[in-house]
Structures are given as C-alpha cells and as structure tokens.
Participant: 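Below you'll find the structure I mean.
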Amino acid sequence: MSIVVTAATGALGRLVVEELLERVPADRVAVVVRNAEKAADLAARGIEVRVADYDDPAALAGAFRPGDRVLLISGNEIGRRTAQHTAVIDAAKAAGVAQLAYTGILGGPEADFELAAEHTATEQAVLASGLPYTFLRNGWYHENYTRELPTALGHGAVVGSAGEGRIASAARADYAAAAAVALTGEGHLNAIYELSGDTAWSLAEYAAEVSAQSGKEIAYAEVPADEHLKILTGAGVPEGFAAIIVDVDAAIARGRLAGTGGDLARLIGRPTTPVAEAIGAALA
C-alpha cells in the first residue's frame, strides 16, 4: 500500500509530497505524473514514480494499486476537469484503493460560482463510485494574490470587483499539510473538510498591507464587473479565464470565500499562515 499523490510535480503536489515525507518513509509514497523527467528528483529520493495522464484512461489503469491511499489533485484545465477527474476515479475504483481524497473548493455544492461547478461534479462522481473518500474543500490561496504583486506595485493599485467581500485565504503550504494529515492519519474516511484561513480580509485591507510593507502607496481600485473584465483581457488574460476571475470576485462579494470554520487549523494543528506573512515573503 502506498500513499499516492497525483499531479505531484505541480505547485500543490510538490508541497504535499514534502509534507508526506515528514510523516512516512519515502518508500511508502508514490506519485502519478505526466512527465517522469520532471519527477526525477523525487525518484532519486526513493519515491515511486508512476506515469499517467488524466486524459489517458489506459495509463491511469496502471497508476493505482489495491489499498493505496490516493490524493486526486484537481486539474487546471477548466472545462475539461470533470471528464479528467472521472477517469482517475474510475481507475482508482477498479484498483480497489482504500481512500480517495480530492482537493475541491470551499463550500462544496453551496459554492454557486462557475469555477466550482466541476468540483461539485467531481465530488458527485466520487460519491457515486462508493470509494472511501475525503473531501478537502480548499479555500483561496494567498498565492492567488501575492503572485500578482509586481502588477499591483507597478500600477499602484490592486484592482478588483469584489466590493467589501472578505477572503479567508491560507498559504498553499497550509493546504498541503492538511492533505498530508488526511492521508496519513486515522478518522478521515468519508469526511468533508471546509478548509480556509483563520482570518478573512478584504481587498482594501490587502492593499493597505501591501502599502505598509512595500513603502509604496497602493490603493484598492474597485471597478464594475464589465470594466474589470476589460482590464483583464486588455492585460492579456484570455477572455474565458478573465470571466472566471470576475465571477469569483462576484462570489467574494456575496461572502462565498469568507468562511472561517477552523477545519484547516484543526487538521494541521497550528494557526494558518497570515496573509501579511505571505505578502512579506513575496516582497522579500
């Protein structure tokens, strides 16, 4: 039996692997990746590398073993993910895995915005499979914002259409630690965790924190949704993805990413990383 991480060379996957290695020996960890070369460093550490693609059911058929504990990290190809995830679920069921954990989105079926639809469909497919499951409903990552700091600093503003909505984000590493706990500990089968940061903040508060830490005057520029869309597409963001970003801001304005239920801190056994710390690290 192995603990298997799919999409293990991605940003979240690598962090999950590191967290697992703090808890179990390397020979108990396996990764499923599209490109073995990108996982060469993991193989060198004694981790089993299994090559398969979410788009290749035949390859996925050999990716899992009876009794494996599997983390299905959601794909990033919006619009294709339901079929891709279903292929993984089918392969996991055929193999007889002991646990299928899935990184969904905060709120589950109550997340009424476009980005959440494929997550909801995936959870339904997991339930229909009859596999023992763990739903890790991840909230927003600090990194969704801190990766855009150069743009904010260059323009002197954080631009959005989220109004006074609040965001209970956490560091990607916090979510990775939670996944590792759910895969290695007991009592997590058929469990649902609403994962979010301990403190919710508004984009205006975020901009003020960036100002304080950078020494530059950074404002929050609230714009109407249609103007927000034009700004994003004008900056080169593909129109479909830009529309999703604007839709998420509308969801933030409705309070959909503001929940601070505490599941994440309880799972990882410590407070979640404050957004101010993430800003400081990104500015360093």
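Throughout, numbering of the chain's residues begins at 1 and tracks the sequence.
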Participant: Under 6.0 Å between the ring centres of Y141 and Y175?
Facilitator: yes

Participant: For E118 and T82, work out which heavy atoms get closest and say how close.
Facilitator: CG-OG1, 3.5 Å

Participant: Taking atom CD as the centre, does E164 end up with more than 12 heavy-atom neighbours from other residues, nucleotides or ligands that are less than 6.0 angstrom away?
Facilitator: no

Participant: Tell me the closest heavy-atom pair linking V51 and A59, and the distance in Å.
Facilitator: O-CB, 4.3 Å

Participant: Side chains of D174 and T273: any donor to acceptor distance under 3.5 Å?
Facilitator: yes

Participant: Measuring from S196:OG to D263:CG, what's the distance to the nearest 0.5 Å?
Facilitator: 7.5 Å

Participant: Below 30° counts as parallel, above 60° as perpendicular, anything between as tilted: where do the rings of Y145 and Y206 land?
Facilitator: tilted

Participant: So does D198 pair up with R270, basic N to acidic O under 4.0 Å?
Facilitator: no

Participant: Would you mind checking if D55 and R34 are paired as a salt bridge, meaning a charged N to carboxylate O distance below 4.0 Å?
Facilitator: no

Participant: For atom CD of E18, decide whether the heavy atoms of other residues, nucleotides or ligands shown that lie under 6.0 angstrom number more than 12.
Facilitator: yes

Participant: Quick check: closest heavy atoms across R137 and P109, and the distance to 0.1 Å?
Facilitator: NH2-CD, 3.4 Å

Participant: Which pair of heavy atoms, one from Q84 and one from E77, lies closest together, and at what distance?
Facilitator: NE2-OE2, 2.9 Å

Participant: Quick one: CG on D249 to CD1 on I167, what's the gap to the nearest 0.5 Å?
Facilitator: 7.0 Å

Participant: What orientation do Y102 and H119 show, parallel under 30°, tilted 30 to 60°, or perpendicular over 60°?
Facilitator: tilted

